[in-house]
Amino acid sequence: MTIKVVPLGAGQDVGRSCVIVTIGNKNIMFDCGMHMGYYDERRFPDFSYISKNKQFTKIIDCVIITHFHLDHCGALPYFTEMVGYDGPIYMTLPTKAITPILLEDYRKITVDRKGDTNFFTPQMIKDCMKKVIPIDLHQTIKVDEELSIKAYYAGHVLGAAMFYAKVGDESVVYTGDYNMTPDRHLGSAWIDQVKPDVLITETTYATTIRDSKRGRERDFLKRVHECVEKGGKVLIPVFALGRVQELCILIDSYWEQMNLSHVPIYFSAGLAEKANLYYKLFINWTNQKIKQTFVKRNMFDFKHIKPFQSHLVDAPGAMVLFATPGMLHAGASLEVFKKWAPNELNMTIIPGYCVVGTVGNKLLANNAGSQMVEIDKKTTLEVKCKIHNLSFSAHADAKGILQLIKMSNPRNVILVHGEKEKMGFLSQKIIKEMGVNCYYPANGVTITIDTMKSIPIDISLGLLKKEI
Amino acid sequence: MKLHCLSLSNQAPCYLLEYKNVKILLDCAIEISTILNFLPKNLNYNNNNNNSDSGKEKDQEFNQCYKNINGVLYVDNGCSNIKYSCPIFEMIDDFSTIDVILLTNYTNIYSLPFITEYTNFQGKIFATEPTVQIGKLLLEELVQMDKQYSNHNYNINNNNNLFDKWQNREMLTKINIANYGNENEIMYKDSYRWKDLYKKLDIEKSFEKIQTVRFNESIYFYGFECSAVSSGFCLGSCNWVIEAKGFERMVYMSDTSLSVSRYPTVFQMEPLEKPDILILSKLNNHPINLPDEMFTELSLSIGSTLQSGGNVIIPSYSCGIILDLLEHLAEYLNQMNLASTQIYFISSVSKAVLSYADIYAEWLNKNKQERSFMPETPFLHQDLMKKGQLAAFQHIHSHFQTSEPCIIFAGHPSCRFGDVTTLIKQYGDNPKNTVFLIEPDFDFKTLVLPFSKLTCKFQSIPIDPRINFKDANFLISKLAPKHLIIPNNFKNFIVNKHSNGINGLITPILPLDLIKIKNHQKYENGFLDKELAQSIQTKIIEKPQTSLNRLNQIKQQIQQYQQQQQPQLLSLSQPLSQFQQQQQLQNQQQQNQLIHVAEVTGILSIHDHELVISPANLSDISKLSFIKEKYLWGTLSNETIINLITSKGFIIENIRIENDQYEIKINGNSNSALITTNNPATIYLSSNNVNIETNCEITRKQISDIIVNNCNGLYIN
């Protein structure tokens, strides 16, 4: 028997994650993401690979979404409402709650600001989300007689999960994005030793071994403190949900400790309060410490962080602003950046990964003093403010990836969601250290894996009594 | 399979299930109703002006230990701490032999610290997340209330040499001798074994040992697969599906509610369907009262109390039906223009319970769950608190001031200890005030008798959302269990009648009962290595048609309902056993089919309760000796054999059929003089075994040939 794996997105690439797995006669789509570096048809996975005549519901037995980041769920309304997939969709409760908000947020930016027309509508997002079946951590759902799926904690963002899918005796684990070290608000990923035939893992930080988390936190706080002390403004482009909650906990307690309440911290309007409420309601998905103390004080009730109003962008004096979106490709963060970037007193800290084509990516690519940066085709901006990239994004590093491989004990490993060279390096390491096969297919390339499975039999009790 | 009932009543379930040498304890509750035997804290019962004790017992000591109120004996609050009635753990010789404890919900876990901290239990414990979190809060609250009761007693009676004397057997027998009536005798029947509660630290340590699960999470242990399935009764309440891999499915069901309008995740049925065994434990304690009607009655009664200027006290548990009531009452008060009425929730865990309830989206019904998506808190409590309609207090301080009229929820629902005793004292002397007893665990009369001097009203409106007999019978008909086990006192009310008209078996179980259920398992699940499987060469043989006589047909029908025999446990101490194995693979298709037969030589090993036959490597093969012999397989047709025996001239004297076994007595042979009446033969025939008893070797050979020739056989060459 064989298992087939083909990435439609995230094959030797980061963005628009979408991996089709065939086990037995079942086809599972893991994630259905969009690529944020593109504005043409390349932003969605190439669904025509699955079916030329749009028979998606017939072919795909279920869609599983691992977490709410758009590069993992952004193409879902397109797939269900515009090209017509009508089968079951699974995600965890927090993912189901938060995904429509991020989709709507992104839709607004794309359609309202960029004037894109071939895009899904608010109603499509709603209709799409109605079809989603929530799955709880460790709950085993039987999709049909043969296919069952189970979710494991992934720790990457609130509600992020890894999925174990099983058909007969053959099984696959798809990790989505995960984090093997607990942070200030989330726990670390964990999975049983399920011995899957194939483990499909993300490899965003395939070759990085990150320094200690504490060190990075200190570094972040020191830089912010230095900047505001000199009267500078700190811009932190973030996504409304996820990393920002961790940074808020960090900076809120630092402000308390250092008596910095005279320096205001803002959270760009709209999503802020709502987003925090999600964290308060889904506290069971955060880490142990927050869970234990939440009755006394909910960590997501911030003391120093206030909502931002647009006139404050020109207000004098030091301040810290968390603004969306995180890659500086549109929206409030880009607007504020345009105003603050020409001043060398100011600072921009990019706490996450930026895909190719975004302003954030351009800034990071050329991180040496002042630079001319092309904002869009018409605008070029002289950037004098300091730019820092502090990796807070919660992906497993090389050590973490190997740890997860050890934990789940797979027969084969397939790498996705990373850069090709780094994957090549890591795959050598996996083959050498773990002694398992490792592949990293490009988009549209099918990997076929033979599974040697035992055959279930009945053994007579008489025989057993005699022999054992 | 063996099932041992350790509970004294079906309101405090505790069962020990033994199957495939694995011991599983199902629930471990405390019989909470016995608290009523103790006089409430804050209530001094003066011996002299006591309700006239018609002088039955002149014993001074006895009268000091027990107070007789209207014929009911209570243990005086000055004479004892409260003692608790555990399941009959004395029946378990060695707790270290218990492998697993499965818990259904937080009402059934009160005995857990007694097991984990006071015995040598070392097994695993499984419960849902809310069962653990809420359960811990409730146990801690109970310990706190219990401690207050003891301290209070100690302060007023620190020189009492009669302390705990009521529990002496000598004293207890006086109850019987003095003829205090059947009720009292029953109340105190096994009170000698009631014991002091555990400590807070015990709870802490005990709960650390529980492994939390989610609904429908499959957990595996010792060859079993179990999962918790929502029972719809309270936060995280579940029924357990216990499956011995590939064999029997058992369902343990306790505290189930079919209501779809309450806050917990609704009852889930599909995973429980068609079990081999269904163990039904706790049901509705007030089967006649429908929860919805009770609720309406409560609202109306509260309304009229408030309108007449009275206050309302509701003794209740800190989590459970109260979560329904807070929201519904607020809504009702608004409708009745009584919105200014303040609702108080007094409990050391009130704030924690309300906070936890709001973060349990996964454990709530759909409507509440969807509120978290908005995002809004699933419950309205926070809104009500902001509006000032609801206030939660840890406990009653000296400066606790209520704004009246008010509704106060406080524990303990037995009204024997906890802040509710203070409240009853405070509000008891106003006939306008009413105490509503809503928790179904307590007998109204026994509960209120000690308060009979108070002028406030006591009203019993038990709200029990658990299924009653009617619902249970409906559920059983849908679930269609082959075998149903129920507490003995349900036996006149519960039937195992399936919706397709078939009746399943039903066994009532009494406290302390041990019931055994036989089964007829013939095979164990295993795996054949793929490589080995590929090397198999099969022979094809046509299967002879067998005609079934009527007896066999009946036998089959019986078999459908009979349980499989006690399966054999495979010892783990022998992880690998080498042997030569000849296995006949039967590939049976429909009727009149071809049979594929093959010989397999391999190594049988057992690992993690999984049997695998894998190819023998070279060194193994050298150890294996190959035996060439004829293998027999197939099912014996008793009728055919009897016919053949007769046709060979044997005279059958008598055939007895017992438990699937034919006992055929042969007395002589018309074709041969070898067998005489002095030399009879008996054949014991069952579907997979034959015994021939005779002194005559020739007869044995003849009969054995008949049987062997009638079986399918294969010579390996």
Side-chain angles (χ1 to χ4, degrees), chain A residues 1 92-94 96-101 129 132 134-142 148 150-152 159 166 169 192-193 273-286 291-292 294-298 450-468, chain B residues 129 133 213-219 227 246 351-352 355-356 358-363 369-378 521-533 565 567-568 570-571 574 577-586 604-606 610-614 688-689:
Chain A
M1 287 191 277
T92 66
L93 266 194
K96 184 180 175 179
I98 295 164
T99 296
I101 294 173
M129 293 313 292
V132 172
I135 179 167
D136 202 354
L137 276 185
H138 299 180
Q139 181 186 356
T140 309
I141 288 189
K142 291 198 168 85
S148 66
K150 182 173 179 180
Y152 288 94
K166 191 176 164 197
D169 277 319
D192 283 311
Q193 198 189 28
E273 256 173 88
K274 236 181 162 183
N276 290 341
L277 188 50
Y278 279 117
Y279 279 81
K280 284 189 220 170
L281 292 179
F282 290 110
I283 213 115
N284 265 324
W285 289 75
T286 60
K291 267 191 255 180
Q292 275 163 0
F294 93 100
V295 174
K296 274 199 195 103
R297 184 191 160 219
N298 199 313
D450 274 318
T451 55
M452 283 291 278
K453 272 292 152 84
S454 315
I455 293 150
I457 50 169
D458 286 343
I459 304 176
S460 88
L461 275 184
L463 180 73
L464 285 178
K465 274 181 192 159
K466 218 160 60 193
E467 302 295 345
I468 284 193
Chain B
E129 219 165 279
Q133 283 166 339
V213 298
R214 311 284 182 118
F215 286 147
N216 302 316
E217 169 179 352
S218 296
I219 48 170
S227 61
K351 202 185 160 201
S355 305
Y356 272 122
D358 273 336
I359 63 157
Y360 278 149
E362 285 94 339
W363 310 93
Q369 200 173 78
E370 269 160 21
R371 284 177 57 90
S372 329
F373 294 172
M374 308 303 280
E376 281 166 19
T377 55
Q521 183 183 324
K522 288 180 195 143
Y523 298 101
E524 184 79 60
N525 276 12
F527 292 93
L528 188 61
D529 182 89
K530 199 181 173 187
E531 212 180 298
L532 187 59
Q565 81 192 147
Q568 194 216 357
L570 300 158
S571 156
Q574 276 179 293
S577 149
Q578 290 187 355
F579 76 117
Q580 180 193 19
Q581 198 220 331
Q582 288 85 25
Q583 165 116 7
Q584 289 109 28
L585 289 179
Q586 299 188 13
L604 175 72
S605 57
I606 178 165
E610 207 169 76
L611 294 161
V612 181
I613 300 174
S614 43
N688 58 355
N689 201 13

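Proteins get letters first, then strands, A, B, ... in listed order; numbering begins at 1 in each. Atom set for the values below is all heavy atoms of this structure, side chains included, hydrogens, waters and symmetry mates excluded.
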>> For the interface with chain A, which of B:E531, B:Q369, B:Q133 has the highest count of heavy-atom pairs at distances below 4.5 Å?
In response: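 Looking at each of B:E531, B:Q369, B:Q133 in turn, B:Q369 comes out on top.
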> Which of the residues B:V213, B:V612, B:T377 is involved in the greatest number of heavy-atom pairs with chain A at under 4.5 angstrom?
Replying inline: B:T377
For the [atom1] atom of [X] and the [atom2] atom of [Y], what is their distance to the nearest 0.5 Å?
{"X": "B:S218", "Y": "A:Q139", "atom1": "OG", "atom2": "CD", "answer": "9.5 Å"}
{"X": "A:I135", "Y": "B:N216", "atom1": "CD1", "atom2": "CG", "answer": "9.5 Å"}
{"X": "B:K530", "Y": "A:T451", "atom1": "NZ", "atom2": "OG1", "answer": "5.5 Å"}
{"X": "A:K280", "Y": "B:D358", "atom1": "NZ", "atom2": "CG", "answer": "11.5 Å"}
{"X": "A:T140", "Y": "B:R214", "atom1": "OG1", "atom2": "CZ", "answer": "12.5 Å"}

What are the two closest non-hydrogen atoms of [X] and [Y], and how far apart are they?
{"X": "A:I459", "Y": "B:G526", "value": "CD1-CA, 4.2 Å"}
{"X": "B:K351", "Y": "A:K296", "value": "NZ-O, 4.0 Å"}
{"X": "B:P375", "Y": "A:L277", "value": "O-CD2, 3.1 Å"}
{"X": "B:I613", "Y": "A:I457", "value": "CD1-CD1, 3.7 Å"}
{"X": "A:Y278", "Y": "B:S372", "value": "CE2-O, 3.5 Å"}

> So what's closer than 4.5 Å to chain A heavy atoms on B:E370: side chain, backbone, both or neither?
Replying inline: neither
>> Counting heavy-atom pairs closer than 4.5 Å to chain B, which one of A:I98, A:N298, A:V295, A:L93 comes out on top?
In response: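 Most heavy-atom pairs within the cutoff with chain B belong to A:L93.
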> What's the verdict on side chain to side chain contact (heavy atoms under 4.5 Å, CB included) for A:L137 and B:E129, showing C-alpha distance, side-chain angles and the deciding distance?
Replying inline: CA-CA 12 Å; A:L137 276 185; B:E129 219 165 279; over 6 Å; no
